[in-house]
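Working notes, beginning with the structure itself.
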Amino acid sequence: MMRFDIATLFVEMCERVLDESIIGRARRAGKLEVHCHNIRDYTQDKHKRVDDTPYGGGKGMLMQAEPIYQCYQAVCQQLPQKPRVIYLSPKGSVLNQEKVKKLKEYSNLFLLCGHYEGVDQRVLDEIVDEEISIGDYVLTGGELGALVLVDAVGRLCDGVLADEICFQEESHYNGLLEYPQYTRPPVWHNMEVPEILLSGHHANIEQWRREQSLLVTKQRRPELLDQVELTKKEQAFLAAAQKEK
């Protein structure tokens, strides 16, 4: 069973999200483990301070190395092996579905959430295996990034979703964006569900979905197609669709 450990200054914030929806149900059902650790519990400062002014001057405060390191050490003592340590940072590589699938292969992930102006570089050099960003923008802390990562990786864990097919056909899982989907009623605001989806012909439906995924990807994220192996028939389909525009 996969285990996530989140080192944070805001345990309650994380727990509120992690107790809800699919991840919350998976935790209660024992399909995965997520533990949140308050970094303040590992400081020697009587006022529970974990930050100080940066050397060299500058605005803001910097998280100190020792409380983070002690938190990490405490978690390591609970595990059979060293966890994969990830620092959520705007300087990290951007999280994508391929990275999510690779992270799923680890049994333990330790997620460090920075705050204020960041973290003393020395503890990053000491314990962190990689830095990950959830996008090219800056947040007030790493908690939201950690929660996104837990949700993205956790939902791939065995038993979290009802069926593996639930994520295999989604956007980005196979390199393409997802095809459009429809549910009842068959006509809404004079717009009809595509006839092929009502046909019951599964092979034709699968082909239509694949073609729609190709079209959506071509229109919205054409660069993704460079990483997808297309058949000659699919290449011809896209070329014909391009000419019809």
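Everything numeric here is computed off the predicted structure, so don't read it as measured data.
In terms of hydrophobic clustering, with Ile, Leu, Val, Met, Phe, Trp and Tyr side chains grouped at heavy-atom distances under 4.5 Å, Y42 and V85 are assigned to different clusters. Connection of I68 to V11 is not established within any shared hydrophobic cluster, with ILVMFWY side chains joined at heavy-atom distances below 4.5 Å, either directly or through further cluster members. The cluster map of Ile, Leu, Val, Met, Phe, Trp and Tyr, joined by side-chain heavy atoms under 4.5 Å apart, puts W208 and M191 in different clusters. In terms of hydrophobic clustering, with Ile, Leu, Val, Met, Phe, Trp and Tyr side chains grouped at heavy-atom distances under 4.5 Å, V17 and V153 are assigned to a common cluster. In the hydrophobic clustering of ILVMFWY residues, with side-chain heavy atoms under 4.5 Å counting as a link, V148 and V100 come out together.
Counted by atom type alone, R49 and Q64 present zero donor-acceptor pairs between their side chains at under 3.5 Å. Looking only at atom types and distance, the side chain of Q77 has no donor-acceptor partner in the side chain of Q73 under 3.5 Å away.
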Please set out all donor-acceptor pairs under 3.5 angstrom arising from side-chain atoms of residues 111-118, sequence neighbours excluded.
{"unit_1": "H115", "atom_1": "ND1", "unit_2": "T140", "atom_2": "O", "d": "3.2"}
{"unit_1": "Y116", "atom_1": "OH", "unit_2": "R40", "atom_2": "NH2", "d": "3.2"}

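The distance from the CZ atom of R122 to the OH atom of Y69 is 13.5 Å, given to the nearest 0.5 Å. Distance check: D52 CG to M61 CE gives 5.0 Å after rounding to the nearest 0.5 Å. To the nearest 0.5 angstrom, D5 atom CG is 6.5 Å from Q78 atom CD. Taken from CG in L62 to CD in Q121, the straight-line distance is 9.5 Å, to the nearest 0.5 Å. A distance of 10.0 Å separates CG of D129 from CG of L109, quoted to the nearest 0.5 Å. Between H37 atom NE2 and T8 atom OG1 the span is 10.5 Å, to the nearest 0.5 Å.
R28 places a side-chain N or O within 3.5 Å of a backbone atom of D19 that can act as its donor or acceptor partner. At distances below 3.5 Å, not a single donor-acceptor pair connects side-chain atoms of S133 with backbone N or O atoms of V94. The closest donor-acceptor contact from the side chain of R3 to the backbone of V34 lies at 3.5 Å or more, if one exists at all. In this structure, S21 contributes its side chain and I23 its backbone to no donor-acceptor pair below 3.5 Å. Here the side chain of E234 pairs a donor or acceptor atom with the backbone of T231 at under 3.5 angstrom. For the pair T217 (side chain) and L177 (backbone), a donor-acceptor distance under 3.5 Å is present.
Side-chain contact between D158 and L32 is absent, with no heavy atoms from C-beta onward closer than 4.5 Å. Two residues are said to be in side-chain contact when any heavy atoms from C-beta on lie closer than 4.5 Å; E66 and T43 fail this criterion. Inter-residue side-chain proximity for M13 and L144 is flagged as met; some heavy-atom pair is nearer than 4.5 Å. Between V150 and L147 there is no side-chain heavy-atom pair separated by less than 4.5 Å. The side-chain heavy atoms of I39 and K48, taken from C-beta on, include no pair separated by under 4.5 Å. Counting heavy atoms from C-beta outward, E178 and V216 have side chains that stay 4.5 Å or more apart. Between E12 and E15, the closest side-chain pair of non-hydrogen atoms is not below 4.5 Å. Residues R27 and L18 form a side-chain contact, since some pair of their non-hydrogen atoms from C-beta on lies under 4.5 Å apart.
For the residue pair L230 and Q235, the shortest heavy atom distance occurs at O-NE2, 3.5 Å. The minimum heavy-atom distance linking L215 with A241 is given by the pair CD2-CB, 3.5 Å. Scanning all heavy atoms of the two residues, the minimum distance from M2 to Y106 falls at CE-O, 3.2 Å. Between V119 and L124, the closest heavy-atom pair is CG1-CD2, 3.9 Å. Minimum interatomic distance between I205 and I196 (heavy atoms only, all atoms of both residues): CG1-O, 3.4 Å. Contact detail for K104 and C157: the closest heavy-atom pair is CE-CA, 3.5 Å.
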key: Working for side-chain contact (heavy atoms from CB on, under 4.5 Å), residues I86 and L103   = CA-CA 10 Å; I86 297 170; L103 292 176; 3.8 Å; yes
message = What verdict does the side-chain contact (heavy atoms from CB on, under 4.5 Å) test give for V123 and M63, after you've listed the backbone C-alpha separation in whole Å, the side-chain angles of each residue and the deciding distance to 0.1 Å?
response = CA-CA 10 Å; V123 74; M63 290 180 67; over 6 Å; no
request  = Check the pair R221 / E223 against salt bridge (charged side-chain N to carboxylate O under 4.0 Å, His left out), numbers first and verdict last.
outcome  = CA-CA 5 Å; R221 295 288 303 279; E223 75 279 5; 2.5 Å; yes
Worked check of side-chain contact (heavy atoms from CB on, under 4.5 Å) between S89 and I132 = CA-CA 6 Å; S89 164; I132 290 180; over 6 Å; no
query = After noting the C-alpha distance and the side-chain angles of E206 and R209, does the key distance pass the salt bridge (charged side-chain N to carboxylate O under 4.0 Å, His left out) rule?
reply = CA-CA 5 Å; E206 289 305 309; R209 286 175 168 171; 3.6 Å; yes
task = Could you check S107 against Q81 for side-chain hydrogen bond (donor to acceptor under 3.5 Å, both in side chains), going step by step and ending with a plain yes or no?
result = CA-CA 9 Å; S107 57; Q81 59 192 15; 2.7 Å; yes
message = As a quick check of understanding, evaluate side-chain contact (heavy atoms from CB on, under 4.5 Å) for Q207 and H202, giving each step before the final call.
response = CA-CA 9 Å; Q207 180 181 343; H202 296 297; over 6 Å; no
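Heavy-atom contacts from other residues, nucleotides or ligands closer than 6.0 Å to CD of Q44 number 12 or fewer. Counting non-hydrogen atoms of neighbouring residues, nucleotides and ligands closer than 6.0 angstrom, the OH atom of Y137 exceeds 12 such neighbours. Residue K218 places its NZ atom among 12 or fewer non-hydrogen atoms of other residues, nucleotides or ligands, all under 6.0 Å distant. Enclosure of atom NZ in K82 by more than 12 non-hydrogen atoms of other residues, nucleotides or ligands within 6.0 angstrom is indicated.
With salt bridges taken as basic N to acidic carboxylate O contacts below 4.0 Å, one links E130 and K99. A salt bridge does not link K102 to E105: none of the charged nitrogens lies less than 4.0 Å from a carboxylate oxygen.
F110 and Y72 have perpendicular rings, their planes meeting at more than 60° on a 0 to 90° scale where under 30° would count as parallel.
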